[in-house]
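This report refers to the structure that appears directly beneath it.
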Amino acid sequence: MNLSSLIYFSRLYGANTELVTCGGGNTSMKENGVMYVKGSGTALKDAVTETFVAMDLQKLLGIFDEEYPQDDAAREAKFVADCAKAKLPGEENKRPSVEALLHALFPQKYVLHLHPALVNGLTCSVNGREECEKLFGDSVLWVPACRPGYTLAKIMKDIFDKSDKPIKTVLLENHGVFFGANTVDDLGIHLNGMMNVLNSKVIEYPLVDSDKPEPGFADKIRQVSGKQYVEFNASPTALKFAKSPESAKPLLKPFNPDQIVYCGPRVKFANCENCLNEIDANVIIMKGKGIYAIGDSAKAAANCMTLVKDAMKIATYAEAFGGAKPMDEELVSFIVGWEVESYRKSVSK
Ligand SMILES: [Zn+2]
């Protein structure tokens with residue numbers, strides 16, 4: 001099977017850090033009843049033929065005919081097992097993206113799913129839904145935040161079934177965006193069209209890069225947290241959030257599943273060094289100084305800082321749409337306990 005067009009756009013968009021951070025996002029292609037979808041824990045920018053898992057499209061969509069248990073753990077375990085059953089022979093050692101079934105819902109040949117900060121400025125905002133309608137009319141479908149995995153797939157399936165015209169673009173609240181198209185060029189046209197509209201709404205662009213030296217709290221943070229790797233950011237945007245507990249508020253709760261995977265669910269605001277007597281978060285906003293990201297490995301700390309920067313961008317872009325809106329607590333605790341995300345984290349280390 002020739003996957004060159006799929007590999008081409010996976011790498012193209014995967015290498016753009018404004019569109020993809022860490023292992024986020026996924027892509028797929030359908031041909032002759034087979035869907036090739038990105039494997040969980042792989043990175044789009046490094047896509048090769050082996051990155052993709054070949055799945056029987058009909059078998060995968062057959063999941064909607066199954067009965068699923070109410071219990072979260074039992075339902076999600078069955079869901080992962082049923083997705084795995086749809087893999088073609090020879091693919092046993094690969095694990096498809098948990099979003100594979102969402103890709104399968106799109107009738108188009110190609111699907112591109114991303115979590116760009118600019119898009120999430122809208123999906124993680126107070127007025128997101130109304131603004132989506134104002135900006136894109138009925139050409140973009142809005143899916144309210146819900147539990148990922150089977151629940152999200154079922155909700156999207158019902159929305160697709162009710163729609164009387166082909167759905168090409170879906171925005172998922174507190175998550176990201178899906179584009180479906182029959183050519184790779186059309187994918188780019190949809191993506192650029194959305195980015196242009198959102199860029200035109202930006203009130204202020206975030207400035208998240210920082211080369212300022214760490215002001216001397218890192219050792220204490222290592223000692224108290226027991227984690228040896230610390231990254232520091234004192235960019236203009238980080239300093240804005242670090243002014244006071246009030247200004248830090250938009251960053252204190254996660255916006256999307258990626259943040260939970262790479263930073264954990266908690267962010268701590270610290271008024272002073274002496275307040276660091278207990279650290280139960282991987283992100284510390286230090287009053288007047290900047291933001292720390294900590295981890296058990298250099299990669300874990302770096303990934304966490306990448307997601308902190310992403311959160312700063314989302315919160316800044318969300319100002320155009322009534323301000324930032326984090327995920328609700330119930331959803332956060334579901335994702336914290338979700339096996340699928342623990343898997344993603346374990347392979348990203
Ligand atoms: Zn996603």
Side-chain angles (χ1 to χ4, degrees), residues 9-10 13-14 16-28 35 37-45 47 51-53 55 60 76 79-80 83 95-106 110-124 128 132 140-157 159-160 167-180 187 190-191 194-195 254-263 265 303 306-307 310-311 313-314 326-327 331-332 334-336 338-345 347-348:
F9 77 83
S10 300
Y13 300 121
N16 182 336
T17 53
E18 288 301 314
L19 299 176
V20 171
T21 51
C22 305
N26 40 58
T27 52
S28 68
M35 183 174 81
V37 66
K38 195 193 88 158
S40 184
T42 63
L44 283 177
K45 67 177 170 49
T51 303
F52 298 95
V53 187
M55 306 185 80
L60 190 57
E76 294 308 315
F79 178 61
V80 169
C83 284
R95 179 161 168 150
S97 158
V98 69
E99 286 156 342
L101 188 53
L102 309 181
H103 285 250
L105 284 171
F106 285 82
Y110 298 108
V111 175
L112 170 65
H113 169 51
L114 301 167
H115 312 148
L118 186 60
V119 172
N120 279 339
L122 178 65
T123 75
C124 309
C132 171
V140 173
L141 200 90
W142 176 272
V143 176
C146 66
R147 293 177 176 200
Y150 177 75
T151 311
L152 171 59
K154 185 75 180 78
I155 287 175
M156 264 178 70
K157 156 90 171 139
I159 294 175
F160 270 67
I167 292 169
K168 293 181 191 156
T169 308
V170 174
L171 280 178
L172 301 181
E173 188 179 19
N174 290 103
H175 184 146
V177 61
F178 275 89
F179 299 101
L187 274 184
H190 297 336
L191 170 66
M194 174 169 279
M195 297 309 256
F255 285 122
N256 53 30
D258 281 346
Q259 263 177 268
I260 298 174
V261 171
Y262 295 106
C263 298
N303 280 343
T306 300
L307 269 297
D310 197 58
K313 290 180 186 176
I314 293 171
M327 295 175 95
L331 194 49
V332 172
F334 174 81
I335 291 170
V336 168
W338 196 31
E339 182 272 342
V340 168
E341 295 294 37
S342 328
Y343 176 81
R344 191 145 75 96
K345 188 176 181 185
V347 290
S348 79

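Any value given below was found using the heavy atoms of this structure, including those in side chains, with hydrogens, waters and symmetry copies removed. Counting starts at 1 for both ligands and their atoms, following the listed order. What you are looking at is a predicted structure, and each value in this text was computed from that prediction instead of being measured.
Contacts of P116 classified as side chain to side chain contact (heavy atoms under 4.5 Å, CB included), with partners at least two apart in sequence or in another chain: L19, L114, V119, V177, M195. For F179, the ring-ring contact (aromatic ring centres under 6.0 Å, His included) criterion is met by no residue, not counting sequence neighbours. Listed by chain and residue number, nothing satisfies the salt bridge (Lys or Arg N to Asp or Glu O under 4.0 Å) test with K168 (two or more places apart in sequence, or in another chain).
With a 4.5 Å cut-off on side-chain heavy atoms, F255 and T123 do not count as touching.
Neighbours of the Zn ion (ligand 1) restricted to protein N, O or S atoms under 2.8 Å: the count is 4.
The side-chain hydrogen bond (donor to acceptor under 3.5 Å, both in side chains) test with S97 singles out one residue from N26, T27, T42, and that residue is N26.
Aromatic ring pairs are classed by plane angle as parallel below 30°, tilted from 30° to 60° and perpendicular above 60°; the pair F178 and F106 is parallel.
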